[in-house]
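Questions regarding the structure given below will be posed in turn.
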Amino acid sequence: MPELPEVETVVRGLRSARLVGRRICGALVRWPRIVATPRAAAFRRAIAGRRIERISRRGKYVVMGLSGGLTLLVHLRMTGRLALTRGRHAADAHERLALNLDDGRALRYHDTRKFGRWSLLRDPAGRLDRLGPEPLAAGFTAAVFAARLGAHDRALKPLLLDQSFLAGLGNIYVDEALWAAQLHPARRSGSLTERERRRLHRAIRQVLAGGIRRGGTTLGKGDANFYSVAGRAGRNQEGLLVFRRTGRPCPRCGARIERLVIAQRSSHICPRCQKPHNDP
DNA sequence: AAGAATGTTACATG
DNA sequence: ACATGTAACATTCT
């Protein structure tokens, strides 16, 4: 679920809920494996008493800078969610972790599938440096992207999903970007023309910016979906043009959208707009 | 009831 | 070193 636009929406939600400046009184770990580093007991001890000094995003990580030089990294994986609640109230079925705050609120972590991971680190650079560039950063120019694309010979779909190549894309936004750029997901990255590289660069940035503008993508309803910190669904599902739209008409040419499996992930394409070979 | 689902990673094989 | 495939994590929904 949460890709770059959803994580960005969460970070903005935490900031506008005035989480910065709050002190963490204690942590309740209900599913210890969610805490990747250090072990749950040490995590509880180390995080108690820290003030939250800043909140940002890197790739799909929520990054919280804490007092005393510690950084909390939260990765939501497939079904992780963060919410702020006031006062004590019963944890619902899939609450895995909670941080009690000095103003009486609690930051609650909910994760149906338990794939999410929290890490409390003295030096997060070791982890974050493994990520590729931020696609929306000013320094991520078409030239930078073109050079990176040319350095590999891989199918576009798994390459764009690779967080060490580019940080933040997931299955939804890759399919949308490839459709917008009119490129087949199995095209080899090294085979793209200069025009195609520029088209893909622009498509990625547009698709991600659109996702953020619409507050993220919420597919269907229910527990395991994306919701903002305030508990609201995103609106980007209304802006999806190919993802999970198998059999419906391509908005560009009207051909029926197809679903294929590439690198173990479903891909949605327009068979007419996204040919597997080079432009003639 | 089998299969798929928005993500990552360790491990094996080419 | 690089590319690719598989399994695993755990649960819900179709």
Side-chain angles (χ1 to χ4, degrees), chain A residues 1-10 30-37 57-62 73-82 92-97 109-119 126-128 130-132 148-178 185-191 207-208 210-212 214-228 233-240 242-247 258-268:
Chain A
M1 166 209 346
E3 306 179 24
L4 187 154
E6 289 73 38
V7 178
E8 181 64 28
T9 300
V10 166
R30 297 175 178 279
W31 190 262
R33 296 186 59 171
I34 296 291
V35 182
T37 321
R57 177 190 59 74
R58 176 80 173 93
K60 299 175 191 171
Y61 285 98
V62 176
L73 297 182
V74 177
H75 198 300
L76 275 18
R77 294 281 183 99
M78 299 281 269
T79 59
R81 275 158 46 188
L82 289 168
D92 59 14
H94 303 111
E95 185 176 314
R96 309 305 182 192
L97 210 150
Y109 179 67
H110 183 283
D111 189 344
T112 309
R113 289 171 69 177
K114 303 174 181 166
F115 285 177
R117 292 294 180 263
W118 290 41
S119 298
R127 193 77 70 82
L128 298 179
R130 286 183 236 162
L131 297 174
R148 276 183 93 78
L149 271 178
H152 297 269
D153 184 32
R154 292 174 67 183
L156 289 175
K157 173 88 184 205
L159 181 62
L160 294 175
L161 287 173
D162 184 340
Q163 301 299 298
S164 68
F165 176 72
L166 188 60
L169 288 173
N171 216 26
I172 298 175
Y173 294 96
V174 168
D175 279 9
E176 294 294 318
L178 288 172
R187 270 290 292 283
R188 313 299 304 190
S189 53
S191 80
V207 151
L208 292 175
I212 294 171
R214 297 188 179 92
T217 304
T218 300
L219 270 3
K221 40 182 64 131
D223 233 23
N225 270 291
F226 167 72
Y227 293 95
S228 70
R235 299 178 310 284
N236 194 241
Q237 56 281 12
E238 297 156 24
L240 298 180
V242 285
F243 188 78
R244 290 209 199 159
R245 293 179 62 81
T246 310
E258 291 176 0
R259 173 182 178 274
L260 16 149
V261 175
I262 295 173
Q264 284 70 42
R265 309 296 303 278
S266 63
S267 290
H268 305 80

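Nothing here was measured: the structure is a model prediction, and the numbers come from that model. Protein chains get the first letters and strands the later ones, always in sequence-line order, with residue 1 at the start of each.
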Open item on the list: For a quick check of understanding: with a heavy-atom distance under 4.0 Å over all strands, which category does A:Q163 fall into, base, sugar-phosphate or nothing?
Closed with: sugar-phosphate
Task: Outermost nucleotides of DNA chain C that come under 4.0 Å of a non-hydrogen atom of chain A - done: C:dA3 to C:dT12
Open item on the list: Nearest whole Å is fine: how far is B:dA5 C1' from A:F226 CZ?
Closed with: 17 Å
Open item on the list: Using a heavy-atom cut-off of 4.0 Å across all strands, would you classify A:R154 as base, sugar-phosphate, or nothing?
Closed with: sugar-phosphate
Open item on the list: Does A:D111 reach a base, just sugar-phosphate, or nothing at all? Heavy atoms under 4.0 Å.
Closed with: nothing
TODO: Write down the distance between CD (A:Q264) and P (B:dG3), rounded to a whole number of angstrom.
DONE: 16 Å
- [ ] Kindly confirm or rule out a cation-pi arrangement of A:R148 over A:F165, judged by NZ or CZ under 6.0 Å from the six-membered ring centre and within 45° of its axis?
- [x] yes
- [ ] List in chain and number order the residues that pass salt bridge (Lys or Arg N to Asp or Glu O under 4.0 Å) with A:K157, two or more places apart in sequence or in another chain; answer none if no residue qualifies.
- [x] A:D175
Task: salt bridge (Lys or Arg N to Asp or Glu O under 4.0 Å) partners for A:R57, two or more places apart - done: A:E8, A:E134
Open item on the list: If the condition is side-chain contact (heavy atoms from CB on, under 4.5 Å), which residues does A:T218 pass it with, not counting sequence neighbours?
Closed with: A:N225, A:F226, A:Y227, A:A233, A:Q237
Task: Gap between atoms CZ and C1', on A:R244 and B:dT6 respectively (whole Å) - done: 7 Å
- [ ] Considering only atom P, compute the distance from B:dG3 to C:dA7 and round it to an integer number of Å.
- [x] 13 Å
Task: Partners meeting salt bridge (Lys or Arg N to Asp or Glu O under 4.0 Å) with A:R154 (sequence neighbours left out) - done: A:D162
Task: Interatomic distance, A:E176 CD vs B:dT6 P [rounded to whole Å] - done: 13 Å
TODO: Take the protein atom CG of A:L73 and the nucleotide atom P of B:dT8, then report the distance between them rounded to whole Å.
DONE: 13 Å
Task: salt bridge (Lys or Arg N to Asp or Glu O under 4.0 Å) partners for A:R188, two or more places apart - done: A:D153
Task: Set of side-chain contact (heavy atoms from CB on, under 4.5 Å) partners for A:R33, sequence neighbours left out - done: A:W31
TODO: Using whole Å, report how far CZ of A:R77 lies from P of B:dA10.
DONE: 10 Å
Task: For DNA chain C, stems built from three or more consecutive Watson-Crick or G-U wobble pairs below 3.5 Å - done: B:2-5 with C:11-14, B:7-14 with C:2-9
TODO: Report which part of the nucleic acid A:R117 touches: base, sugar-phosphate, or nothing (heavy-atom distance under 4.0 Å, all strands).
DONE: nothing
TODO: Check every strand shown and say whether A:R130 touches a base, only sugar-phosphate, or nothing at a heavy-atom separation below 4.0 Å.
DONE: nothing
Task: Distance, rounded to the nearest Å, where A:H268 contributes NE2 and B:dT6 contributes P - done: 7 Å
Task: Partner residues of A:R30 under the side-chain hydrogen bond (donor to acceptor under 3.5 Å, both in side chains) criterion, sequence neighbours left out - done: A:E95
Open item on the list: Can you see whether A:S267 engages A:R259 through a side-chain donor-acceptor pair at a distance of less than 3.5 angstrom?
Closed with: no
Open item on the list: Measure CZ/A:R259 against P/B:dA4 and give the value in whole Å, please.
Closed with: 7 Å
Open item on the list: Judged by each residue's nearest nucleotide on DNA chain B, which is more toward the 5′ side, A:L161 or A:R113?
Closed with: A:R113
